[in-house]
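The structure appears below as structure tokens.
The figures that follow rest on heavy atoms only: side chains count, while hydrogens, waters and symmetry mates do not. Keep in mind the model is a prediction, meaning the values are calculated, not measured.
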Amino acid sequence: MFDPVIAPSGTLLGLLQRGRGDGTLHALTAPRADALAALNHCVLHDPRHDWQVENRSLYYARLYVDLHGELDQIEAHLFDAEDVLDTDESRTGLALAVLGHLASYGRRDALEVLRRYAATGTSWAWALDELALRDEDAGLRALAAPVLARFGTDAEGEAELAAAVRDAFEPRPWRLWADDPRESISTRVRAAQETGCFDRWQRQMRPSGPRPGWSVQAVFEWAQQGIDRGAVLHVPAARCLTAVAGPEDRPEILEAARSGGDGARCTALRYLADSNDPDTLDLVEGAVTDGTTAVVEAAVDAFERMRSIAAVDRARGWVHRPDPLGAAAGRMLACLGGTRDSDLVLGALREAVRGEGPDAQTLWTLVDGAGRLGIVCAAPVLRHIYRETASSHLRGRAARALAATDPSFAAGFAVECLWDCEETTREVAARHAETGDARVVDQLRRLAADPAEEAEVQTAVRSRIGPDSTRRMNGG
């Protein structure tokens, strides 16, 4: 999947793509046709950089409900000829998830589209999972025949069926079908269930990788074999060293960390860092200076795992380095530094935004650090990240940091956060948003009554609108 093209943050489309609360608020005041066009664009062209982690489906479903949006474009997208040519779930997953939420809100048309797609679509398993949470037994039983027809009755087909049953995210349909009165269906499903259980047991019992009887050199060789075939094994290999290595092996491990092959060097650096070996920091610095890309990455990762006072002291000296180790030092100070390190963390935060933009991966830790340390001077750059990042998770972290650093947060961004796509961001808003705005009170009540809302959000909401909060909610 190609990286999505994100519109500017000041446009309706850009706001909706980012999942910002202001996207919903602007859409509800924009011409309905324009709002629906932008909404459909988001659902049909998933705007998330990481579609497996970021949330958008409930956010978009709620807006369809508020706009009384039709589903004809979603239906056309799902049943387009491209569904057969492009089988990646990222093409249809967001649309299916939105339909699932709409079905839970009582949209019968969404339920019917899901049923039809589960019977004929390429990503049928996703649609079936959505239906498993929301459809009635009769609707699911009607899908048994078309779903089973996807699998041949030869050995290969039955193996594929067993894998589908074993890997199903929601088991409810398969359990219903195992008790189906039609013997041709129930017999196949029960056999597939038994095969799937046996396969799972076999995987659990089958040993793989090195075992404590191995030597240090054998572990290093195993890690190198992984690199040779494109697999990163130095992390499990380092765990194996913990079981294999004794005090007498330390010189060999130090030499591997200093000048070994990539597999051995990465493994040794990770092992030494986890062991808090006193030579680790010098070896990390050397690896960043003369190591390959794989070694540099392993060295930086190993350093960031360290929690010693010596590592934090070294980070204060490395934070100004213009390389990955300098960036890692900034992140370490954000996590472990004290008030004395506030200026260093703020400098790392500003430099990351200037150098890599508002979506840089390093910002996640730096933003958290700015909030943890209560760096008030960081508020302007945190507000910039909040507005501009395409990552709804990073925006949520920026919101939490702003709650700790920006006195204007409660009356500003916290209000729009009540409509945000991420439940953790809505939870922050529910705890901080000023209730003098009538929209805040209405939205808090809506979130409290919405069965699709997460329990943590509703708990935060109730802490604001419970019996003891009546006077505050009324502006008293």
Side-chain angles (χ1 to χ4, degrees), residues 15-21 23-25 27-28 35-36 38-48 50-79 89-118 121 123-136 139-140 143 168-170 172-173 392-393 396 417-427 429-430 443 445-458 461:
L15 290 170
L16 290 179
Q17 287 177 316
R18 288 169 172 79
R20 278 183 55 182
T24 294
L25 297 175
L28 295 177
L36 283 174
L39 177 58
N40 282 322
H41 184 280
C42 292
V43 174
L44 306 187
H45 305 88
D46 194 335
R48 297 169 294 180
D50 190 344
W51 64 275
Q52 294 178 308
V53 174
E54 295 187 38
N55 296 313
R56 292 291 189 281
S57 55
L58 180 59
Y59 172 83
Y60 293 143
R62 283 171 168 166
L63 191 50
Y64 271 111
V65 171
D66 291 340
L67 295 173
H68 305 286
E70 301 85 2
L71 305 181
D72 53 329
Q73 290 196 36
I74 293 181
E75 185 174 8
H77 174 75
L78 291 176
F79 295 102
E89 287 183 332
S90 63
R91 193 190 82 84
T92 54
L94 179 57
L96 294 171
V98 168
L99 290 176
H101 284 300
L102 288 173
S104 69
Y105 282 130
R107 288 284 297 262
R108 188 75 183 181
D109 52 348
L111 189 65
E112 294 297 338
V113 173
L114 279 174
R115 287 173 175 171
R116 182 182 161 209
Y117 188 83
S123 296
W124 61 271
W126 190 314
L128 187 61
D129 285 338
E130 297 291 340
L131 290 168
L133 296 172
R134 298 163 177 101
D135 205 355
E136 57 197 22
L140 291 174
L143 291 171
F169 191 73
E170 295 292 341
R172 180 179 162 224
S392 54
H393 278 189
C417 285
L418 287 170
W419 285 266
D420 197 88
C421 65
E422 296 291 344
E423 65 268 16
T424 53
T425 307
R426 296 194 297 275
E427 181 183 354
Q443 181 66 358
R445 288 172 176 156
R446 178 181 180 180
L447 294 176
D450 190 339
E453 188 52 80
E454 296 291 332
E456 292 81 0
V457 178
Q458 294 189 326
V461 169

Do the side chains of Arg426 and Leu58 get nearer than 4.5 Å, heavy atoms only? yes
Could you report the tightest heavy-atom contact between Val457 and Ala430, atom names first, then the distance? O-CB, 4.5 Å
First locate atom CD of Gln73, then atom CG of Leu39, and finally report the distance between them rounded to the nearest 0.5 Å. 9.5 Å
Checking side chain to side chain contact (heavy atoms under 4.5 Å, CB included) for the pair Asp420/Thr24: CA distance, chi angles, key distance, verdict? CA-CA 8 Å; Asp420 197 88; Thr24 294; over 6 Å; no
Identify the two heavy atoms, one from Ala448 and one from Val461, that lie closest to each other, and give their separation to 0.1 Å. CB-CG1, 3.7 Å
The test is side chain to side chain contact (heavy atoms under 4.5 Å, CB included); show your working for Leu99 and Tyr117 and say whether it passes. CA-CA 11 Å; Leu99 290 176; Tyr117 188 83; over 6 Å; no
Does the ring of Tyr64 carry Arg107 above it, NZ/CZ under 6.0 angstrom from centre and within 45° of its axis? no
I'd like to know if Arg116 pairs up with Glu112 as an ion pair, taking the criterion as any Lys NZ or Arg NE/NH1/NH2 lying under 4.0 Å from an Asp or Glu carboxylate oxygen. no
Given 3.5 Å as the limit, does a donor-acceptor pair link the side chain of Gln17 with the main chain of Cys42, or not? no
Under the side chain to side chain donor-acceptor pair (under 3.5 Å) test, which residues partner Glu423, sequence neighbours left out? Asn55
Other residues, nucleotides, ligands: >12 heavy atoms within 6.0 Å of Phe79 CZ: yes
Could you check whether any side-chain heavy atom of Leu44 comes within less than 4.5 Å of a side-chain heavy atom of Leu94, counting everything from C-beta outward? no
Can you give me the closest heavy-atom contact between Arg134 and Ser104, atom names plus distance? NE-CB, 3.6 Å
Taking every non-hydrogen atom, the tightest pair across Leu102 and Ala110: CB-CB, 3.7 Å
CZ of Arg48 to OG of Ser90: how many Å apart, nearest 0.5 Å? 9.5 Å
Quick one, Leu96 with Glu89, criterion side chain to side chain contact (heavy atoms under 4.5 Å, CB included). Give me CA distance, side-chain angles, the key distance, then yes/no. CA-CA 10 Å; Leu96 294 171; Glu89 287 183 332; over 6 Å; no
How many angstroms lie between atom CG of Asp109 and atom CG of Leu114, to the nearest 0.5 angstrom? 10.0 Å
In Å, rounded to the nearest 0.5 Å, how long is the span from CG of Leu28 to CG of Leu67? 6.0 Å
For the residue pair Ser57 and Ala97, what are the closest heavy atoms and their distance? CB-CB, 3.5 Å
Salt bridge check: are Arg62 and Glu453 linked by an N-O gap of less than 4.0 Å? yes
Given Tyr105 and Asp450, is the side chain to side chain contact (heavy atoms under 4.5 Å, CB included) satisfied, shown in steps? CA-CA 9 Å; Tyr105 282 130; Asp450 190 339; 2.6 Å; yes
Has the side chain of Arg91 got a donor or acceptor atom that lies under 3.5 Å from a matching backbone atom of His77? yes
Considering residues at least two apart in sequence or located in another chain, which fulfil the salt bridge (charged side-chain N to carboxylate O under 4.0 Å, His left out) criterion with Asp129? none
Between Tyr60 and Leu16 (side chain of the first, backbone of the second, donor and acceptor by atom type, cut-off under 3.5 Å), is there such a pair? yes
Gap separating the CZ atom of Arg20 from the CG atom of Leu15, nearest 0.5 angstrom: 5.0 Å
Measure the spacing between SG of Cys421 and CG of Leu63 and express it to the nearest 0.5 Å. 12.5 Å
What heavy-atom pair brings Gly100 and Glu130 nearest, and what distance separates the two atoms? CA-OE1, 3.5 Å
For the residue pair Leu131 and Arg115, establish whether any side-chain heavy-atom pair is separated by less than 4.5 Å. yes
Would you say Glu422 and Arg56 make side-chain contact, with heavy atoms under 4.5 Å? yes
Can any side-chain N or O of Arg18 pair as donor or acceptor with the backbone N or O of Ser392 at less than 3.5 Å? no
Check whether any side-chain heavy atom of Leu25 sits under 4.5 Å from a side-chain heavy atom of Trp419, and report yes or no. yes
